[in-house]
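The structure appears below as structure tokens.
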2 protein chains.
Amino acid sequence: MSDLLERLRGRGWRMTAQRRVVAEVLDGDHVHLTADEVHARAVERLPEISRATVYNTLGELVTLGEILEVSTDRRAKRYDPNAHRPHQHLVCAQCGAIRDVHPQGNPLADLPDTERFGFTIAAVEVTYRGTCPNCAAA
Amino acid sequence: MSDLLERLRGRGWRMTAQRRVVAEVLDGDHVHLTADEVHARAVERLPEISRATVYNTLGELVTLGEILEVSTDRRAKRYDPNAHRPHQHLVCAQCGAIRDVHPQGNPLADLPDTERFGFTIAAVEVTYRGTCPNCAAA
DNA sequence: GCTTGACTTAGACAATGTCCATTGTAGGAT
DNA sequence: ATCCTACAATGGACATTGTCTAAGTCAAGC
């Protein structure tokens with residue numbers, strides 16, 4: 001994670017306590033927090049941080065490609081720090097749990113030219129929806 | 001589309017002017033309207049129809065499996081009347097245009113058991129993102 | 001043509017996100 | 001070490017999308 005702070009500094013980011021806290025909150029694997037969850041955790045460390053700053057910082061990190069925006073449900077966007085390894089998401093329809101997964105195969109190859117309608121395709125998102133073991137047991 | 005009205009009547013739906021109008025608005029291929037767009041078009045035909053009714057009716061149609069809810073961006077949900085033929089979506093990152101597409105292959109097969117973490121998988125959503133010919137030309 | 005329960009309405013409310021004017025401050029310049 | 005200044009943070013208003021409720025309305029069966 002200090003890597004991240006170093007990279008950001010290298011890109012000319014002004015390093016503030018707020019940005020550091022947001023970056024720290026977004027550390028780890030299988031982390032998929034909403035903006036408000038990020039804000040809540042950031043407030044624990046830096047009580048006076050504002051919502052607007054969290055939103056701004058998340059937006060900047062997305063633009064820089066350091067984190068990913070994920071919309072697995074219709075509620076809040078979630079932010080995924082695992083931006084440097086391509087992956088897809090497995091979502092529990094009941095509890096909303098999210099796992100990163102790494103499918104084989106290439107969905108791009110499954111879309112023939114005749115189905116591209118002249119589009120230039122830049123990315124493919126795949127979301128697997130189902131029931132997690134916890135919810136299946138209940 | 002009158003098929004749809006017949007099916008709904010057969011399921012015990014009380015047939016009202018409002019429901020008929022919503023169903024009519026959602027007719028055709030490659031239709032992906034937001035709830036507010038549906039409301040706007042419904043108002044043209046039935047000026048006193050309320051937003052709540054449009055939301056309720058769309059929700060009921062989704063529950064009945066007659067239309068699909070699609071979240072291609074983080075903005076409003078869209079409603080896709082093409083619910084009876086499986087398909088995926090191709091989305092223009094610039095203008096938001098949406099095309100239904102029919103890829104080959106089976107993304108489910110691409111997820112090995114070791115990557116399922118005990119989940120029971122019910123559905124797979126695939127969204128191709130890129131630039132449409134119009135936006136590429138501009 | 002009644003009755004009744006399902007349907008519709010308007011508007012308040014909720015959740016999430018954006019914007020803006022003001023205040024604060026990181027980091028280079030002196 | 002201190003000062004400057006552009007960039008960042010703040011907080012609160014606002015926007016968008018969606019949900020809920022109480023009261024009124026009406027489709028369809030009798």
Side-chain angles (χ1 to χ4, degrees), chain A residues 5-25 32-64 66-80 96, chain B residues 5-25 32-64 66-80 96:
Chain A
L5 295 179
E6 280 314 308
R7 274 203 304 281
L8 295 174
R9 199 189 299 272
R11 298 212 213 191
W13 245 37
R14 181 184 289 185
M15 192 50 54
T16 67
Q18 290 84 350
R19 286 175 167 181
R20 188 164 21 245
V21 165
V22 169
E24 283 169 6
V25 166
H32 304 91
L33 298 171
T34 65
D36 264 1
E37 286 165 353
V38 172
H39 180 236
R41 298 194 186 193
V43 162
E44 290 171 11
R45 309 191 193 195
L46 191 66
E48 65 277 19
I49 192 172
S50 76
R51 270 182 358 113
T53 297
V54 171
Y55 276 96
N56 288 341
T57 305
L58 290 172
E60 288 158 8
L61 287 169
V62 170
T63 299
L64 293 175
E66 295 290 348
I67 63 176
L68 294 175
E69 227 173 52
V70 180
S71 301
T72 55
D73 56 18
R74 301 80 211 169
R75 314 265 305 169
K77 297 177 228 179
R78 294 178 174 276
Y79 294 90
D80 184 343
Chain B
L5 295 179
E6 281 314 309
R7 274 203 304 279
L8 295 174
R9 198 189 300 272
R11 299 213 211 192
W13 249 36
R14 181 184 287 185
M15 193 48 55
T16 66
Q18 290 83 350
R19 288 175 165 180
R20 188 163 23 245
V21 164
V22 169
E24 284 169 6
V25 165
H32 303 91
L33 299 172
T34 65
D36 264 1
E37 287 165 352
V38 172
H39 180 237
R41 298 194 187 193
V43 162
E44 291 172 10
R45 309 190 194 195
L46 191 67
E48 65 279 20
I49 192 172
S50 76
R51 269 182 357 115
T53 296
V54 171
Y55 276 96
N56 287 342
T57 305
L58 290 172
E60 288 159 6
L61 287 168
V62 169
T63 299
L64 292 176
E66 295 290 348
I67 63 177
L68 294 176
E69 228 174 50
V70 179
S71 302
T72 54
D73 56 19
R74 303 80 207 169
R75 314 263 308 166
K77 297 178 226 180
R78 295 178 173 274
Y79 293 91
D80 184 341

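Residue numbers start from 1 in every chain, and the chains themselves are labelled A, B, ... in the order their sequence lines are given, proteins ahead of strands.
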Mind calculating the distance between CG (A/L58) and P (D/dA9) to the nearest angstrom?
12 Å
Tell me, for nucleotides 23-30 of chain D in 5' to 3' order, what letter each nucleotide earns: B for a base near a protein heavy atom under 4.0 Å, S for only sugar-phosphate near one, - for neither?
---BBS--
B/T34: partners by side chain to side chain contact (heavy atoms under 4.5 Å, CB included), with sequence neighbours left out:
B/D36, B/E37, B/A76, B/R78
Hey, what do you get for CG (A/L33) to OH (A/Y79), rounding to the nearest 0.5 Å?
11.0 Å
Which atom pairs, donor and acceptor, lie under 3.5 Å between side-chain atoms of residues 39-48 of chain A and protein residues at least two apart or in another chain?
{"from": "A/H39", "atom 1": "NE2", "to": "A/I49", "atom 2": "O", "distance (Å)": "3.2"}
{"from": "A/R45", "atom 1": "NH1", "to": "A/E24", "atom 2": "OE1", "distance (Å)": "3.0"}

Determine, stepwise, if the pair B/R11 / B/L64 fulfils side chain to side chain contact (heavy atoms under 4.5 Å, CB included).
CA-CA 9 Å; B/R11 299 213 211 192; B/L64 292 176; 3.5 Å; yes
Can you name the side chain to side chain contact (heavy atoms under 4.5 Å, CB included) partners of B/R75, sequence neighbours left out?
B/D73
Could you list the donor-acceptor pairs under 3.5 angstrom formed between side-chain atoms of residues 51-59 of chain A and any protein atom two or more places apart in sequence or on another chain?
{"from": "A/T53", "atom 1": "OG1", "to": "A/S50", "atom 2": "OG", "distance (Å)": "3.1"}
{"from": "A/N56", "atom 1": "ND2", "to": "A/A52", "atom 2": "O", "distance (Å)": "3.3"}
{"from": "A/T57", "atom 1": "OG1", "to": "A/T53", "atom 2": "O", "distance (Å)": "2.8"}

In chain order, what residues pass the salt bridge (charged side-chain N to carboxylate O under 4.0 Å, His left out) check against A/R19, with sequence neighbours excluded?
A/E60
Could you give the distance from CZ (B/R20) to CH2 (B/W13), rounded to the nearest 0.5 Å?
11.0 Å
Value for CE (B/M15) from CZ (B/R9), rounded to nearest 0.5 Å, stands at 5.0 Å
Span of DNA chain C, from the first to the last nucleotide whose atoms fall under 4.0 Å of chain A heavy atoms:
C/dA15 to C/dG27
Would you list the protein and nucleotides 11-17 of chain D atom pairs, both N or O, that sit under 3.5 Å from each other?
{"from": "D/dT17", "atom 1": "OP1", "to": "B/R75", "atom 2": "NH2", "distance (Å)": "3.2"}

Rounded distance (nearest 0.5 Å) linking atom CG of A/L8 with atom CG of A/L61
6.0 Å
